[in-house]
Amino acid sequence: MAVNLYDSAYALETAIRQSDEYRQLQQAYNEVNADPASKQMFDKFRQIQMDLQQKQMMGQDISEQEVQQAQSTVGLVQQNEKIARLMQAEQRMSMVIGELNKVIMKPLEDLYGKM
């Protein structure tokens, strides 16, 4: 009997959306977006993150000023209770996704061996 991997993937998507980790992330995200000051701060933080990641991917150097700005923004963001909860929920969700990825990659690891 052939297995449709896409059906399994969509079932996994549904399970993720129904998980406690995802629901907590969604609630924390909604709380940040409902507070204009938190949303503005979080949006600025994400923009700085994306800019730095893009520079890294393009092989460009990140200036000391950019590093300081990022660190300063992180410090402010961590002081915001709503954003801190969101970041914790993101971390938990990221760990779950990482664990799921290990399970998904297990057949290839078994086939090729650990790298």
Side-chain angles (χ1 to χ4, degrees):
M1 177 166 115
V3 174
N4 185 332
L5 294 177
Y6 293 98
D7 288 345
S8 298
Y10 288 118
L12 180 57
E13 176 196 8
T14 299
I16 289 170
R17 289 180 188 275
Q18 294 173 354
S19 71
D20 287 340
E21 293 85 359
Y22 181 80
R23 289 180 181 180
Q24 290 168 5
L25 175 61
Q26 189 176 40
Q27 180 180 349
Y29 183 73
N30 289 341
E31 287 175 8
V32 167
N33 281 315
D35 177 15
S38 295
K39 180 176 177 10
Q40 181 180 12
M41 188 182 299
F42 184 68
D43 288 346
K44 180 181 178 184
F45 171 71
R46 287 189 58 202
Q47 187 61 52
I48 290 171
Q49 274 187 318
M50 290 183 346
D51 291 346
L52 293 179
Q53 286 175 349
Q54 185 175 14
K55 283 187 109 172
Q56 280 183 323
M57 289 174 22
M58 295 175 68
Q60 296 176 352
D61 290 334
I62 297 172
S63 72
E64 183 64 32
Q65 181 183 0
E66 289 171 315
V67 170
Q68 288 176 356
Q69 180 187 16
Q71 289 174 342
S72 172
T73 304
V74 167
L76 289 173
V77 163
Q78 289 175 336
Q79 291 176 15
N80 182 297
E81 199 173 306
K82 291 175 184 173
I83 298 174
R85 277 196 305 270
L86 174 58
M87 293 173 76
Q88 290 169 356
E90 283 178 348
Q91 182 66 31
R92 286 189 300 274
M93 190 75 238
S94 180
M95 288 174 57
V96 168
I97 297 293
E99 291 168 6
L100 291 173
N101 192 48
K102 286 179 187 176
V103 172
I104 292 167
M105 296 305 293
K106 184 82 170 100
L108 295 178
E109 183 181 301
D110 290 348
L111 180 63
Y112 291 109
K114 291 185 178 183
M115 296 292 208

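Only heavy atoms go into these numbers, but all of them, side chains included; no hydrogens, no water, no symmetry mates. As the structure is a prediction and not an experimental result, all values here were calculated from the model.
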Q: Might you point out which heavy atoms bring V3 and S8 nearest each other, and give the distance in Å?
A: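 Closest approach of V3 to S8: CG1-OG, 4.3 Å.
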Q | Check: N30/Q26 side-chain N/O donor and acceptor closer than 3.5 Å | A |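 Absent: no donor and acceptor within the cut-off.
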Q. Have Q65 and Q69 got a donor and an acceptor in their side chains that come within less than 3.5 Å?
A.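 No, Q69 and Q65 have no side-chain donor paired with an acceptor closer than 3.5 Å.
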Transitive ILVMFWY side-chain link [X] to [Y], under 4.5 Å:
| X | Y | value |
| --- | --- | --- |
| L52 | I83 | no |
| M105 | Y112 | yes |
| I104 | M93 | yes |
| V74 | I48 | no |
| I16 | M95 | no |

Rounded to the nearest 0.5 Å, how far apart are [atom1] of [X] and [atom2] of [Y]?
| X | Y | atom1 | atom2 | value |
| --- | --- | --- | --- | --- |
| R92 | E90 | CZ | CD | 10.5 Å |
| D61 | E66 | CG | CD | 9.5 Å |
| Q40 | D35 | CD | CG | 10.5 Å |
| M87 | Q78 | CE | CD | 5.5 Å |
| L86 | E31 | CG | CD | 9.5 Å |
| L5 | L12 | CG | CG | 12.0 Å |

(Q) I'd like to know if D43 and K39 make a salt bridge, using a cut-off of under 4.0 Å between side-chain N and carboxylate O. (A)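 Salt bridge: yes.
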Q. More than 12 foreign heavy atoms under 6.0 Å from NZ of K44: is that the case here?
A.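 Not more than 12 within 6.0 Å, no.
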Q.
With a 6.0 Å cut-off (strictly less than), is the heavy-atom count around CD of Q49, excluding the residue itself, greater than 12?
A.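 For Q49, atom CD is crowded (more than 12 foreign heavy atoms under 6.0 Å).
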Q: Could you list the residues that satisfy salt bridge (Lys or Arg N to Asp or Glu O under 4.0 Å) with K106, not counting sequence neighbours?
A: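 Salt bridge (Lys or Arg N to Asp or Glu O under 4.0 Å) list for K106, sorted by chain: D110.
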Q: Supply the members, apart from Y6, of the Ile/Leu/Val/Met/Phe/Trp/Tyr cluster built from side-chain contacts under 4.5 Å; use none for a lone residue.
A: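 Members other than Y6 - counting any ILVMFWY side chain reachable under 4.5 Å - are Y10.
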Q: Would you check if the side chain of S94 reaches a backbone N or O of Q91 as a donor-acceptor pair within less than 3.5 Å?
A: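 No; zero donor-acceptor contacts below 3.5 Å.
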